[in-house]
K.L.:
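Take this structure first; my questions come after.
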Amino acid sequence: WSSDVCSSDLVGECKAGWYGLWGEVCLECEEHARGAECPGSEEVHDLIVAQTGWWRTNVTTPTELCHSDRQGRSACPFFQPCSPKEACSGANECSTGYDGERCGKCSKGTHYRINGECKRCPDRPWVLPAAFAGVALLACIGGYFLNKKQTNLAFVAIGIDYLQVMAMFSRVKVQWPPLIKAMFTWMSMFNVNLEITAPECAIPNVAFETKFFFSMLLPIAAGIIFALWFIVSKCKQALSEGSRGAANSSDTIIATSILTMYFIYLYVTRQALDVFNCSPTDPPDGHLYMAGMTDIICFETPSYWLMFPFAVAAVVCYVIGFPVYILWVLRRNFIQVQVDQLLRAADSGKTHTTNPFFAFRIRFHRVYYLFKPGKATFWIVVIIGRKFMVAFASLMFRTTPVFQMAASLLIMFFAFVLQVRHQPYMSVNDKPQVVADHTARYEAGDALQGQLYATIEDHQAQARGG
């Protein structure tokens, strides 16, 4: 605290904008009690209250949080900012929908937290979770059958990637028009954002930690479901179709599981990084708070330490592990990917007879089938990296919206430049040119193209001979 005060004399009453009881030195509120509303004219009881966006706490003296001239009190007022500021309406009263110390929680049963704010619960709280679960189930079933039929859903995959990235801007502390903000919120459904289902409305005692662990368990739960699916399918098909049917089923299940992880990657990444998103309030009060929630102090509260090791494991296994695994699969099977994409460009390779790596196509094609042969072995990791960087910017720069938007724009611009420079996608119109380019390189004596064509010809010759 500064030693500068309004007067060195002890006074009876302090004027408005200053505070101090009888016999105390008057201190200017703006300098020594920021966030306080000081009416003045205090006598034996202090009359200062918290301004809008602030919360008053009485701290026991002696403490460094109090001015040296207030250490004689048994407790002195200390003012802390609320997050979000509109949660506190002043005089330690919470705005509608907020509750608890520093108005850091949403009112149980009536409001739920989404994008850091408390919103009113729907009249029928079970409708949103049920609708979300129904849509997710239909999407999984539809994805399975479309994958089984080898349907080209390039435009759908690209569209979902776009909506996932756009949905991240719903958390930016910018005064979006209501329609735009609502659009961003509903776009987050493509991120499997469980917040839009308002779980706190249906189950009022759901805490943030519960939602965090549920999010971290999503990939594991999906893996268990796919494992049970595999066991049932293998038993059924072994009895009816034999080993080939069982093999086809396992390849399809692996493909669906990878596709599922790809689409929930951004949501799981955001939830895991939230634990490391520790930032001070404005102005700082000496603590770091997780994701702007004043009820969870980083590296101090038990709930934080409960989540921390699981967040570290999630970053290693999900955030880093998934793209590393995909890159390892694609680079390890470099020839398989190149051959399959070359056949795809020629509208061939749809059977075991015409494609030496047909089983590999069924199992892993969703991570490379959109791209030209030369880019197919790594470009999906570039897209995942873009998602990670946008999620990182939206979380780590949460307290500075302008810098956050600038960083996100830079990431998107850099990704755009890469895409224009490399043109990785293989559209229907690109296929004849892709075949022509590879044929020209083969005729020019390119060793790699020679290996690719030799692999295809040898397999097809064996198939004709068999």
Side-chain angles (χ1 to χ4, degrees), residues 113-116 132-133 136 140 160-161 164-165 167-168 170-171 188-197 199-200 206-227 254 256-279 288-293 295-329 366-367 380-398 404 408 411:
R113 187 182 296 275
I114 181 169
N115 298 327
F132 189 89
C140 291
I160 291 177
D161 284 338
Q164 285 187 327
V165 172
M168 297 297 295
S170 64
R171 305 186 78 183
S188 65
M189 180 176 64
F190 293 94
N191 282 333
V192 199
N193 184 4
L194 300 180
E195 286 186 344
I196 66 174
T197 65
E200 302 97 319
V206 170
F208 178 85
E209 305 91 90
T210 305
K211 294 192 292 183
F212 169 80
F213 284 116
F214 185 84
S215 302
M216 295 301 100
L217 289 174
L218 270 179
I220 297 175
I224 294 173
I225 292 173
F226 287 126
I254 291 174
T256 307
S257 64
I258 292 176
L259 189 64
T260 300
M261 184 61 200
Y262 175 75
F263 283 126
I264 68 175
Y265 175 81
L266 190 56
Y267 176 68
V268 172
T269 297
R270 192 189 71 176
Q271 294 298 104
L273 293 181
D274 254 339
V275 177
F276 305 98
N277 183 18
C278 297
S279 57
L288 297 176
Y289 298 93
M290 195 190 94
M293 294 182 291
D295 56 330
I296 302 180
I297 305 176
C298 294
F299 309 107
E300 295 184 38
T301 55
S303 58
Y304 181 83
W305 284 116
L306 180 65
M307 293 184 288
F308 183 80
F310 292 94
V312 172
V315 169
V316 174
C317 297
Y318 301 153
V319 180
I320 299 175
F322 177 67
V324 168
Y325 169 73
I326 294 298
L327 184 62
W328 176 77
V329 168
R366 290 296 176 188
V367 297
I380 191 69
V381 178
V382 174
I383 295 176
I384 295 174
R386 181 192 65 192
K387 289 184 176 183
F388 167 79
M389 292 303 298
V390 172
F392 181 86
S394 68
L395 293 174
M396 298 306 170
F397 306 131
R398 181 187 59 83
Q404 178 182 342
S408 298
I411 294 166

K.L.:
To the nearest 0.5 Å, what is the distance between OH (Tyr262) and CD1 (Ile380)?
P.N.:
4.0 Å

K.L.:
What class does the angle between the rings of Phe212 and Phe208 fall in, given that below 30° is parallel, 30 to 60° is tilted and above 60° is perpendicular?
P.N.:
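Phe212 and Phe208: parallel rings.
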
K.L.:
Might you point out which heavy atoms bring Ile258 and Phe322 nearest each other, and give the distance in Å?
P.N.:
O-CZ, 4.0 Å

K.L.:
To check you understand the geometry: which heavy-atom pair defines the closest contact between Lys211 and Glu200, and what is its length?
P.N.:
NZ-OE2, 2.8 Å

K.L.:
Which residues pass the side-chain hydrogen bond (donor to acceptor under 3.5 Å, both in side chains) test with Glu209, sequence neighbours left out?
P.N.:
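Result, side-chain hydrogen bond (donor to acceptor under 3.5 Å, both in side chains) vs Glu209: none returned.
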
K.L.:
Tell me if the centroids of the rings in Phe299 and Tyr304 come within less than 6.0 Å of each other.
P.N.:
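Distance test on ring centres: under 6.0 Å, yes.
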
K.L.:
List the residues meeting side-chain hydrogen bond (donor to acceptor under 3.5 Å, both in side chains) with Tyr267, not counting sequence neighbours, and say none if there are none.
P.N.:
Ser215

K.L.:
Is there a side chain to side chain contact (heavy atoms under 4.5 Å, CB included) between Val315 and Ile320? Walk through the geometry before answering.
P.N.:
CA-CA 6 Å; Val315 169; Ile320 299 175; 4.1 Å; yes

K.L.:
So which heavy atom on Asp274 is nearest to which on Met290, and how close?
P.N.:
O-CG, 3.2 Å

K.L.:
Please step through side chain to side chain contact (heavy atoms under 4.5 Å, CB included) for the pair Leu273 and Asn277, ending with a clear verdict.
P.N.:
CA-CA 6 Å; Leu273 293 181; Asn277 183 18; over 6 Å; no

K.L.:
Would a 4.5 Å heavy-atom cut-off, applied to side chains only, mark Phe388 and Ile384 as touching?
P.N.:
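Phe388 vs Ile384: side chains apart.
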
K.L.:
Side chain to side chain contact (heavy atoms under 4.5 Å, CB included) for Thr269 and Phe392? Distances and angles first, verdict last.
P.N.:
CA-CA 9 Å; Thr269 297; Phe392 181 86; over 6 Å; no

K.L.:
Would you name the heavy atoms of Leu266 and Gln164 that are closest together and state the gap between them?
P.N.:
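Reported closest heavy-atom pair: CD2-O, 3.5 Å.
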
K.L.:
Any heavy-atom pair between the side chains of Phe213 and Leu306 that's under 4.5 Å?
P.N.:
yes

K.L.:
Could you measure the distance from the CD1 atom of Ile411 to the CE atom of Met389? Nearest 0.5 Å is fine.
P.N.:
4.5 Å

K.L.:
CG/Asp295 to OG1/Thr301 distance, rounded to the nearest 0.5 angstrom?
P.N.:
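Asp295 atom CG to Thr301 atom OG1 measures 8.0 Å (nearest 0.5 Å).
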
K.L.:
What is the minimum heavy-atom distance between Ile264 and Pro219, and which atoms define it?
P.N.:
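So the two residues come closest at CD1-CG, 4.0 Å.
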
K.L.:
Between Tyr289 and Cys298 (side chain of the first, backbone of the second, donor and acceptor by atom type, cut-off under 3.5 Å), is there such a pair?
P.N.:
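Checked: no pair found.
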
K.L.:
How far does NZ of Lys387 sit from CG of Asp161, to the nearest 0.5 angstrom?
P.N.:
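Between atom NZ of Lys387 and atom CG of Asp161 there are 4.0 Å.
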
K.L.:
State, to 0.1 Å, how close Ala272 and Ala311 come at their nearest heavy-atom pair, and which atoms those are.
P.N.:
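Answer, listing the atom of Ala272 first, then Ala311: O-CB, 3.9 Å.
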
K.L.:
Would Phe263 and Leu259 satisfy side chain to side chain contact (heavy atoms under 4.5 Å, CB included), going step by step from the backbone distance to the final call?
P.N.:
CA-CA 6 Å; Phe263 283 126; Leu259 189 64; 3.5 Å; yes

K.L.:
Is the shortest side-chain heavy-atom distance between Tyr265 and Pro323 below 4.5 Å?
P.N.:
yes

K.L.:
Tell me if a side-chain donor or acceptor on Gln271 pairs with a main-chain N or O of Met216 at a distance below 3.5 Å.
P.N.:
no

